[in-house]
Engineer: 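Can you read through this structure? Questions will come right after.
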Amino acid sequence: MSNPNAGQPGEGQAEAFVPYEETELYRIRHSAAHVMAQAVLELYPEAKLAIGPPIENGFYYDFDLGTDENGNPRTFTPEDLEKIEQRMKEIIRADYPFEYRVVDAEEAKRLFANQPYKQELIEGLLKGEADEYGEEADDEAEVVISTYKHDTFEDLCRGPHVKSTGEIPVDGIKLMSVAGAYWRGDENNPMLQRIYGTAWPSKSALEQYLQMLEEARERDHRKLGRELEIFTFDEEVGPGLPLWLPNGAVIAEELENLAKEMERKHGYVRVRTPHLAKEDLFYHSGHLPYYAGSMYPPMEMEGTRYYVKPMNCPMHHKIFAARQRSYRELPLRLAEYGTCYRYEKSGELFGLMRVRSMQMNDAHIYTPVDLFEQEFLDVINMYLEYFQIFNIDRYMMRFSTHHRKGLGKKYVNKPELWQRTEQMVRDVLVKNNIPFVEVPDEAAFYGPKIDVQIWSATGREFTLATNQVDFAQPASFNLTFVNSEGEDEMPLVLHRAPLSTHERMIGFLIEHYAGNFPVWLAPEQVRVIPITDQHREYAVNIADRLFKAGVRAEADLGPDRMGNKIRQAQLKKVPYMLVVGDREMEAGTVSLRKRDGTQINAMPVDEFVALVTERIATRSPEL
RNA sequence: GCCGAUGUAGCUCAAUUGGCAGAGCAAUGCUCUUGUAAAGCAUGGGUUAUGGGUUCGAGUCCCAUCAUCGGCUCCA
């Protein structure tokens, strides 16, 4: 797929009107990849070249280094990176021109005679397959095979490049890391060695980028989650199984309260279901045929096999089927913060963003087909309401559809239903002017979906919320309702999880707010700081008063000085600090210091209580 | 799961070619009674991830396992 966020997803590119592919920076990065490949070939003459495209923030190139004397795959060492980078700078300084030429298929094959991956790419080009950028060839256009050459290095390449290596800013490049990557992104293919580099128009731009990475590390939810005591992992509990600390539990509960309010307003009813079920249920649902790879293995008792649930839907379907349903009670919207377990591969785990136990903001909407549009839109609107509350403005709606080659394997084998439901979703989106990108071959096994994509502090892309159409499970569970004609009719099911899972949502929110939660979400909302021991009782009284007003407030009665107590509260990112001494005690006031450093002295206690309770009640983003 | 790297006190990090495991912060105790981001003194804290091996001697070298990190694959 062509990356819709190719430049920077969000800030930093004011001149975003020019497509990334047409910018000078793109040519610089692409050219840097070629220069790197030359340097690698000089160091490892036997290396086989795969592909080396520009990417967001830089470029990479994939190599197959073959095997060593013992038959083990050869890999790059961190020292190699330094050598390669040094050599790249020499090549850049030598200012070799890039020369473009078109070659016919015969010559191309001869040119890359001992480059098997290039041969495969040439074959692909001739067959009109997607090129190295994943772009489908235009059926009408004739196949053009071209190369770019600089110094001793010639690569199969469409370009574009800079005029000569000297146009690559020698101080603007840096090799970042080595990684394994499968040839053509397929895990059945051999693993290649990938070197990632970054490239910028100048030394200062590079430094700025490195600085930005540094800052991103500061807001990484794994770091803040530890510092703010939100969650922890324990080796003995297991990887991907987070433990919510008291502060994290507060945030999770606030999110649940929000969800309950919102869902009540939108006509949902709540249900609760067990964490495991008999094997038969998951056969029925299609999970065992299509999803078993992500499920924990079964446990057996008295000859019956049970699975821990990877999703809540089958249970909700059983609730729908618990009695006969009438069209009069549809759409039926069943909601549950359900706890699910998925066996994510060990290398896929990532802090809170990718875990093995998760609580989903789940709901299933059973609707007659003719009410689908209305229900679907209501769900989208609920997303937008939530995003407004959290000030989430950097996201992307991704419409995932099936691909015919996956029918019966990745997707249930109902081609006409796929076509029909996908068209329904597309129509709703277009008709309501909701911006989205369509991505083929990314659907759920039971139907098309809309995912909301967001980015973690480290730049990794995640699906935050999801909204999926399901035409498969109603059929496999034989779900029906009696329509106005008195006939049995099958509903469509909408799966939706606008608040994601607690794990991913809170991981995201930590980074989104850099730990500075709005008052309503902050685990500790107010800290009262007495100046000396004589003010302890007054501090306790104020904290007590706030507590009774439903505010999460604590008095810091520790032995530290006021200055250090303020520092500690700042480090924990407590929104409000109330400093109290003689002046406040006499006047019945507090000195309010906000987390941002602003200060309001001599504020009457009543006034502060009114302020904080108003912020909480309205879920105000303001401090 | 795959490729690579890393693992020392609650946290951040030291420890020369293999030669007595240390510091700051945090914690605990005592003193100080303080006005908007760090008071002072003292004390405790470690089977150096786990299990093997090499060696007179291993945090350091080797092997295996576990976990984490950067990617790939996959995904809420």
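Hydrogens, waters and symmetry mates play no part in the numbers below; they use all other heavy atoms, side chains included. No experiment lies behind these values; they were computed from the predicted model shown. In what follows, every chain begins at residue 1, and chains take the letters A, B, ... in the order their sequences are listed.
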Engineer: Which one, B/rU73, B/rA76, B/rG71, comes nearest to the side chain of A/Tyr182?
Structural biologist: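 The nucleotide sitting nearest to the side chain is B/rU73.
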
Engineer: Below 3.5 Å, does any donor atom in the side chain of A/Glu584 face an acceptor in the base of B/rG35, or the other way round?
Structural biologist: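 Result: at least one qualifying N/O pair found.
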
Engineer: If we check salt bridge (charged side-chain N to carboxylate O under 4.0 Å, His left out) with A/Asp220, which of these qualifies: A/Arg222, A/Arg217, A/Lys223?
Structural biologist: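 In the set A/Arg222, A/Arg217, A/Lys223, the residue that makes a salt bridge (charged side-chain N to carboxylate O under 4.0 Å, His left out) with A/Asp220 is A/Arg222.
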
Engineer: Tell me whether the OP1 or OP2 atom of B/rC75 has a side-chain N or O from A/Tyr291 closer than 4.0 Å.
Structural biologist: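 Negative; the distance criterion is not met.
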
Engineer: How far apart are the C-alpha atoms of A/His495 and A/Tyr446, what are their side-chain angles, what is the distance that settles it, and do they pass the ring-ring contact (aromatic ring centres under 6.0 Å, His included) test?
Structural biologist: CA-CA 10 Å; A/His495 305 238; A/Tyr446 42 68; 4.5 Å; yes

Engineer: What contact category does A/Asp451 fall into here, base, sugar-phosphate, or nothing, at under 4.0 angstrom with non-hydrogen atoms?
Structural biologist: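 Nothing: the residue A/Asp451, judged by heavy atoms under 4.0 Å, touches no strand.
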
Engineer: Starting at the 5' end of RNA chain B, which residue's closest nucleotide do you reach first, A/Met311 or A/Val580?
Structural biologist: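 Taking each residue's closest nucleotide, the earlier one in sequence belongs to A/Val580.
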
Engineer: Over all strands shown, is A/Arg222 touching base, sugar-phosphate only, or nothing at heavy-atom distances under 4.0 angstrom?
Structural biologist: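 Sugar-phosphate only.
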
Engineer: Indicate whether OP1 or OP2 belonging to B/rC75 is found under 4.0 Å from a side-chain N or O atom of A/Arg504.
Structural biologist: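 The answer is no; no side-chain N or O of A/Arg504 sits under 4.0 Å from OP1 or OP2.
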
Engineer: Does B/rC2 have a Watson-Crick or wobble mate here (both distances under 3.5 Å), and if so which one?
Structural biologist: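 Its partner is B/rG71.
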
Engineer: Could you work out the separation of B/rG18 and B/rG4 based on their P atoms and round it to a whole Å?
Structural biologist: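 It comes out at 25 Å once rounded to the nearest Å.
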
Engineer: B/rC74 C1' sits how many Å from A/Arg398 CZ, rounded?
Structural biologist: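 A/Arg398 atom CZ is separated from B/rC74 atom C1' by 12 Å.
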
Engineer: A/Leu464 near the nucleic acid: base, sugar-phosphate alone, or nothing, with a heavy-atom cut-off under 4.0 Å?
Structural biologist: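 Result for A/Leu464 = sugar-phosphate.
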
Engineer: When we call it a touch if two heavy atoms are under 4.0 Å apart, what does A/Ser346 touch: a base, just sugar-phosphate, or nothing?
Structural biologist: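 Base contact.
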
Engineer: For B/rU47 and B/rC2, measure between their P atoms and round to the nearest Å.
Structural biologist: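 Rounded to whole Å, the distance is 31 Å.
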
Engineer: When the C1' atoms of B/rU54 and B/rU60 are considered, how many whole Å apart are they?
Structural biologist: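 Each nucleotide's C1' atom is 13 Å from the other's.
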
Engineer: In the structure shown, which nucleotide is the Watson-Crick or G-U wobble counterpart of B/rC25, with both distances under 3.5 Å?
Structural biologist: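 Base-paired to B/rG10.
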
Engineer: Can you find an N or O donor on one side and an acceptor on the other, under 3.5 Å apart, linking the side chain of A/Glu344 with the base of B/rA76?
Structural biologist: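 Donor-acceptor pair under 3.5 Å: yes.
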
Engineer: Any idea how A/Phe350 and A/Phe462 line up, ring-wise: parallel (<30°), tilted (30 to 60°), or perpendicular (>60°)?
Structural biologist: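 Ring orientation, 0 to 90° scale: parallel.
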
Engineer: Take atom P in B/rG24 and the same atom in B/rC61, then report the distance between them in whole Å.
Structural biologist: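 After rounding to an integer number of Å, I get 27 Å for this pair.
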
Engineer: Can you tell me the Watson-Crick or wobble partner of B/rU34, both distances under 3.5 angstrom?
Structural biologist: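 Checking every strand shown, B/rU34 finds no partner, since no pair has both distances under 3.5 Å.
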
Engineer: Can you say whether the rings of A/Phe445 and A/Tyr291 are parallel (under 30°), tilted (30 to 60°) or perpendicular (over 60°)?
Structural biologist: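 Answer is tilted, since the angle falls between 30° and 60°.
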
Engineer: Rounded to whole Å, how long is the line connecting atom CZ of A/Arg194 with atom P of B/rC72?
Structural biologist: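 Taking CZ of A/Arg194 and P of B/rC72, I get 6 Å after rounding.
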
Engineer: Rounding to an integer number of Å, can you tell me how far A/Leu241 CG sits from B/rC66 C1'?
Structural biologist: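 Value for this atom pair: 15 Å.
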
Engineer: When the P atoms of B/rU55 and B/rC62 are considered, how many whole Å apart are they?
Structural biologist: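 Looking at atom P only, B/rU55 and B/rC62 are 16 Å apart.
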
Engineer: Assign the ring pair A/Tyr61 / A/Phe63 to parallel, tilted or perpendicular, where the plane angle (0 to 90°) is split at 30° and 60°.
Structural biologist: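 Ring orientation of A/Tyr61 relative to A/Phe63: parallel.
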
Engineer: B/rC72, B/rC75, B/rU33: which one has an atom nearest the side-chain heavy atoms of A/Ala181?
Structural biologist: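 Taking heavy atoms from C-beta onward, the closest nucleotide is B/rC72.
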
Engineer: Does any N or O donor sit under 3.5 Å from an N or O acceptor when you compare the side chain of A/Thr501 with the base of B/rA76?
Structural biologist: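 Pair found.
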
Engineer: Taking the same atom, P, in B/rU65 and in B/rG1, what whole-Å distance lies between them?
Structural biologist: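 Result for the P pair: 11 Å, nearest Å.
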
Engineer: When the distance from CD of A/Glu348 to C1' of B/rA67 is rounded to whole Å, what number comes out?
Structural biologist: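 A/Glu348 atom CD is separated from B/rA67 atom C1' by 17 Å.
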
Engineer: Can you tell me whether the side chain of A/Arg561 and the base of B/rC32 have a donor-acceptor pair closer than 3.5 Å?
Structural biologist: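 Yes, the side chain and the base share a sub-3.5 Å donor-acceptor pair.
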
Engineer: Identify whether any heavy atom of A/Phe76 sits under 4.0 Å from a base atom; if not, whether one sits that close to sugar-phosphate; answer base, sugar-phosphate or nothing.
Structural biologist: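 Counting heavy atoms under 4.0 Å across all strands, no contact is made by A/Phe76.
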
Engineer: With sugar-phosphate meaning primed atoms plus P, OP1 and OP2, does A/Gly581 contact a base, only sugar-phosphate, or nothing at under 4.0 Å between heavy atoms?
Structural biologist: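 Base, at least one base atom sits under 4.0 Å.
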
Engineer: If you check every side-chain atom of A/Tyr343, which of B/rG1, B/rC75, B/rU12 has the closest atom?
Structural biologist: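 Nucleotide nearest to A/Tyr343's side chain: B/rG1.
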
Engineer: Please report the distance, rounded to the nearest Å, between CG in A/Asp234 and C1' in B/rU68.
Structural biologist: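 So the CG-C1' distance, A/Asp234 to B/rU68, works out to 14 Å.
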
Engineer: In whole angstrom, what separates A/Leu65's CG from B/rG4's P?
Structural biologist: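 In whole Å, B/rG4 P lies 11 Å from A/Leu65 CG.
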
Engineer: Under 4.0 Å, heavy atoms only, any strand: does A/Lys572 hit a base, just the sugar-phosphate, or nothing?
Structural biologist: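 Here A/Lys572 touches no strand at all.
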
Engineer: Could you verify whether a donor N or O on one side chain and an acceptor N or O on the other, from A/Arg270 and A/Tyr268, lie under 3.5 Å apart?
Structural biologist: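 Per modelled atom types, A/Arg270 and A/Tyr268 side chains form no pair under 3.5 Å.
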
Engineer: Using a 4.0 Å heavy-atom cut-off, does A/Phe350 contact any base of the nucleic acid, only the sugar-phosphate backbone, or nothing at all?
Structural biologist: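 Touches sugar-phosphate only.
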
Engineer: May I ask you to say what A/Glu227 touches in the nucleic acid, namely base, sugar-phosphate or nothing, with a heavy-atom cut-off under 4.0 Å?
Structural biologist: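 No contact.
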
Engineer: Just compare B/rA76, B/rA37, B/rC3 and give me whichever is closest to any side-chain atom of A/Thr75.
Structural biologist: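 Out of B/rA76, B/rA37, B/rC3, the nucleotide with an atom closest to A/Thr75's side chain is B/rC3.
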
Engineer: When rounded to the nearest Å, what value does the distance between P atoms of B/rA38 and B/rA27 take?
Structural biologist: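 My reading of the P atoms in B/rA38 and B/rA27 gives 16 Å.
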
Engineer: Backbone N or O of A/Tyr337 within a donor-acceptor pair of the A/Gln359 side chain at under 3.5 Å?
Structural biologist: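 A pair under 3.5 Å: no.
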
Engineer: Using the C1' atom in both, what is the distance from B/rU48 to B/rC20, to the nearest Å?
Structural biologist: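 Looking at atom C1' only, B/rU48 and B/rC20 are 15 Å apart.
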
Engineer: For a quick check under 3.5 Å, do A/Gln453 and A/Thr463 share a side-chain donor-acceptor pair by atom type?
Structural biologist: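 The answer is yes; a qualifying pair exists.
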
Engineer: Map A/Ile531 and A/Val178 onto RNA chain B by nearest heavy atom, then report which one ends up closer to the 5' terminus.
Structural biologist: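 Comparing both residues, the 5'-ward one is A/Ile531.
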
Engineer: From the list B/rA38, B/rU73, B/rA76, which nucleotide is the closest neighbour of the side chain of A/Arg342?
Structural biologist: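 The answer is B/rA76, which lies nearest to the side chain.
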
Engineer: Base, sugar-phosphate, or nothing for A/Arg496, non-hydrogen atoms under 4.0 angstrom?
Structural biologist: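 Result for A/Arg496 = nothing.
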
Engineer: Assess whether one donor atom and one acceptor atom, taken from the side chain of A/Arg593 and the base of B/rA37, lie less than 3.5 Å apart.
Structural biologist: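 Such a pair is found, so the answer is yes.
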
Engineer: So, A/Asp582 and A/Gln534: side-chain donor and acceptor under 3.5 Å apart, yes or no?
Structural biologist: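 Looking only at side-chain atoms, A/Gln534 and A/Asp582 do not form any donor-acceptor pair under 3.5 Å.
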
Engineer: Categorize A/Asp533 for me: base, sugar-phosphate, or nothing, with a 4.0 angstrom heavy-atom threshold over every strand shown.
Structural biologist: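 It contacts base atoms.
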
Engineer: Send over the distance from A/Asn564 CG to B/rG40 P, rounded to a whole Å.
Structural biologist: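 Value for this atom pair: 10 Å.
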
Engineer: Once you round it to whole Å, what is the distance between C1' of B/rC75 and CZ of A/Phe508?
Structural biologist: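 Rounded to whole Å, this separation is 17 Å.
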
Engineer: Can you tell me the pairing partner of B/rA64 across any strand shown, Watson-Crick or G-U wobble, with both distances under 3.5 angstrom?
Structural biologist: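 In the structure as shown, B/rA64 has B/rU50 as its Watson-Crick or wobble partner.
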
Engineer: OP1 or OP2 of B/rA76 versus the side-chain N and O atoms of A/Lys449: is any pair under 4.0 Å?
Structural biologist: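 Answer is yes, contact under 4.0 Å.
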
Engineer: If only side-chain N and O atoms of A/Arg460 are considered, is one of them under 4.0 Å from the OP1 or OP2 phosphate oxygen of B/rG71?
Structural biologist: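 For B/rG71, OP1/OP2 do have a side-chain N/O of A/Arg460 under 4.0 Å.
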
